[in-house]
Amino acid sequence: MYKTISFLSIAIFYILSTPSTIVCGQNKIIDKKVMLHLVNKHKLAFTQGKVADYIPELGKANPKAVAFSITNENGETWSVGDNKQKFTIQSISKLIALMLAVEENGEEKVFTQMGYYGTHHPFNYFANLDHNGRPLNPMMNAGAIYTTSLIAGDADEPYQKILARIRYITNNPKIDINPTIYESEKATGYRNRGMFYLMKNYGMIEKEEEVLNNYFRQCSIEIDVEDLSKIAYFIANQGTRYDGDKTHYNKELMQLIQAQMLTAGMYEFSGEYARTIALPSKSGVGGGIIATVPNKIGIAVYNPSLDEHGNSLVGYLILKDFVQEYSLGIF
């Protein structure tokens with residue numbers, strides 16, 4: 001009798017002490033089982049997309065890998081799926097470059113030669129530069145190259161600053177560049193090189209091509225979906241790290257970054273995305289997407305099979321259902 005009660009007590013204690021739900025603002029309870037259900041529901045949609053292969057090394061990614069992670073209001077990270085799968089951050093790094101450029105130069109200077117505008121063109125389209133060679137926004141490739149050029153330092157120092165900030169935000173000193181991806185990006189980045197020299201022709205960029213190499217480097221930083229959800233949390237919470245560290249707290253800067261995410265973070269799909277998901281988000285052709293619930297949680301999804309806009313198709317479907325399930329959209 002006493003042994004039975006003892007074992008039962010232990011079992012009850014284990015069940016009660018193993019969380020399966022978390023609170024996300026306004027008493028919304030997010031269940032980890034729902035996260036797993038959405039991964040299983042949409043994982044086969046990868047067949048409707050295509051892994052990016054214009055950078056040859058990216059084309060080697062496993063199209064079936066799917067991961068989903070959230071970092072909640074208490075700084076706790078929950079992940080399901082292939083959450084330890086490494087992939088390169090790609091265009092999500094543009095958020096960090098913009099963060100550093102504004103910190104060092106001020107918003108006014110950064111946007112003197114660049115707009116806040118959205119676009120109906122793809123991310124690497126030359127028409128994302130106006131008639132004076134100015135990028136429409138910092139989320140498109142031309143604007144991101146320009147933004148990186150504004151970060152002070154010689155040689156690869158601007159890239160090292162971006163890497164250091166990502167390591168700080170995630171509290172993960174092991175994050176580093178994928179050298180094979182970097183060399184592949186550098187060898188095939190002709191359109192980016194063209195945009196770099198067009199801006200240089202207009203006098204917007206004074207530095208030499210090492211600026212462009214730093215852009216290729218930042219895109220080649222390798223992370224996992226849990227790192228991404230911590231980056232999303234940091235931006236959502238005005239520069240507060242998931243463990244409460246406020247070293248880089250800057251409410252106005254994070255509002256600027258989230259505004260750009262909502263306006264142009266999903267490229268020419270941003271308008272429709274704002275209607276269907278209604279969260280500041282940023283995608284990368286490596287297959288990651290981050291989304292912020294302002295002042296609350298950070299969300300990240302991963303699958304390398306992309307839609308025609310260059311966004312993760314499975315990731316989009318998971319986010320859409322998740323946001324609707326818990327009414328997380330900002331509108």
Side-chain angles (χ1 to χ4, degrees), residues 19 21-26 28-43 45 65-85 87 89-96 166 169-170 223-242 254 257-262 265-266 269-270 273-284 286-304 311-331:
T21 62
I22 59 174
V23 178
C24 169
Q26 298 179 354
K28 296 184 177 74
I29 305 299
I30 293 177
D31 193 328
K32 196 173 183 180
K33 293 178 183 178
V34 173
M35 295 173 64
L36 185 58
H37 166 71
L38 293 179
V39 166
N40 290 327
K41 175 182 177 182
H42 293 298
K43 63 183 180 181
V66 182
F68 181 15
S69 179
I70 62 173
T71 299
N72 75 346
E73 289 174 288
N74 296 322
E76 302 164 330
T77 300
W78 278 20
S79 305
V80 296
D82 302 303
N83 58 298
K84 298 303 180 183
Q85 176 67 53
F87 55 95
I89 195 169
Q90 296 298 326
S91 286
I92 300 173
S93 68
K94 296 170 181 177
L95 304 175
I96 311 302
I166 291 173
I169 292 171
T170 59
I223 40 73
D224 62 33
V225 74
E226 293 185 359
D227 296 320
L228 280 190
S229 73
K230 291 173 182 177
I231 293 172
Y233 176 93
F234 179 82
I235 295 171
N237 288 278
Q238 292 88 46
T240 302
R241 195 165 69 176
Y242 70 93
M254 297 308 153
I257 290 172
Q258 289 182 90
Q260 281 298 292
M261 291 167 70
L262 188 65
M266 303 299 287
F269 188 59
S270 296
Y273 184 93
R275 179 68 182 94
T276 56
I277 291 183
L279 289 178
S281 301
K282 184 73 194 82
S283 66
I289 301 176
I290 71 169
T292 64
V293 182
N295 305 307
K296 294 183 175 65
I297 69 173
I299 308 171
V301 287
Y302 167 69
N303 175 262
N311 304 317
S312 173
L313 177 58
V314 173
Y316 168 72
L317 294 173
I318 291 173
L319 278 171
K320 185 177 179 181
D321 279 2
F322 184 68
V323 169
Q324 291 178 353
E325 174 75 19
Y326 294 104
S327 302
L328 296 176
I330 61 176
F331 304 128

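For clarity, every value in this text was computed on a predicted model and none was experimentally measured.
- Interatomic distance, Leu328 CG to Thr292 OG1, rounded to the nearest 0.5 Å: 11.0 Å.
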- Message: Go through it in stages, so that I can follow the logic: the residues are Leu279 and Val323, the test is side chain to side chain contact (heavy atoms under 4.5 Å, CB included), and I'd like the CA-CA distance, side-chain angles, deciding distance and then a yes or no.
- Response: CA-CA 9 Å; Leu279 289 178; Val323 169; 3.6 Å; yes
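- Nearest heavy atom pair, residue Asn311 against residue Ser283, reads OD1-OG, 2.5 Å.
- Residues Val225 and Val301 fail the side-chain proximity criterion, which asks for heavy atoms closer than 4.5 Å.
- Between Tyr273 and Leu319, the closest side-chain pair of non-hydrogen atoms falls below 4.5 Å.
- Summarising the geometry of Ala291 relative to Ser281, their closest heavy-atom pair is CB-OG, 3.4 Å, with the distance given to 0.1 Å.
- Scanning for side chain to side chain donor-acceptor pair (under 3.5 Å) contacts around Ser229 gives Ser69, Thr71, with sequence neighbours left out.
- By the side chain to side chain donor-acceptor pair (under 3.5 Å) test, Asn295 pairs with Gln238, sequence neighbours left out.
- Looking at heavy atoms from C-beta onward, Met261 lies in side-chain contact with Ile290 at the 4.5 angstrom threshold.
- Atom CZ of Phe68 sits about 11.5 Å away from atom NZ of Lys32, to the nearest 0.5 Å.
- Nearest heavy atom pair, residue Ile169 against residue Lys230, reads CG2-O, 3.8 Å.
- Between Asp82 and Phe87 there is no side-chain heavy-atom pair separated by less than 4.5 Å.
- For the pair Met254/Phe234, a side-chain contact is recorded, criterion being any heavy-atom separation below 4.5 Å from C-beta on.
- Asp227 places a side-chain N or O within 3.5 Å of a backbone atom of Asp224 that can act as its donor or acceptor partner.
- Taking CD of Glu73 as the start and OH of Tyr233 as the end, the distance is 8.0 Å to the nearest 0.5 Å.
- Rounded to the nearest 0.5 Å, atoms CD1 (Ile231) and CD1 (Ile89) are 4.0 Å apart.
- Considering all non-hydrogen atoms of both residues, Lys320 and Ile277 come closest at N-CD1, 3.7 Å.
- The line from CD1 of Ile70 to CG of Leu228 is 14.5 Å long, rounded to the nearest 0.5 Å.
- Between the CE atom in Met35 and the CH2 atom in Trp78 there is a gap of 8.0 Å [rounded to 0.5 Å].
- Formation of a donor-acceptor pair under 3.5 Å by the Asn72 side chain with backbone atoms of Asn74 is found in this model.
- The minimum heavy-atom distance linking Phe322 with Ile30 is given by the pair CZ-CD1, 3.7 Å.
- For the 3.5 Å distance criterion, the side chains of Glu226 and Thr77 fail to qualify, holding no donor opposite an acceptor.
- A side-chain donor-acceptor contact under 3.5 Å links Lys282 to the backbone of Gly265.
- Here the closest heavy-atom approach between residue Leu262 and residue Phe331 is recorded as CD2-CZ, 4.2 Å.
- For Ser312 (side chain) and Asn303 (main-chain N/O), a donor-acceptor pair under 3.5 Å exists by modelled atom type.
- Using a 4.5 Å heavy-atom threshold, the side chains of Ile289 and Met266 count as touching.
- Residues Gln258 and Ile235 meet the side-chain proximity criterion, which asks for heavy atoms closer than 4.5 Å.
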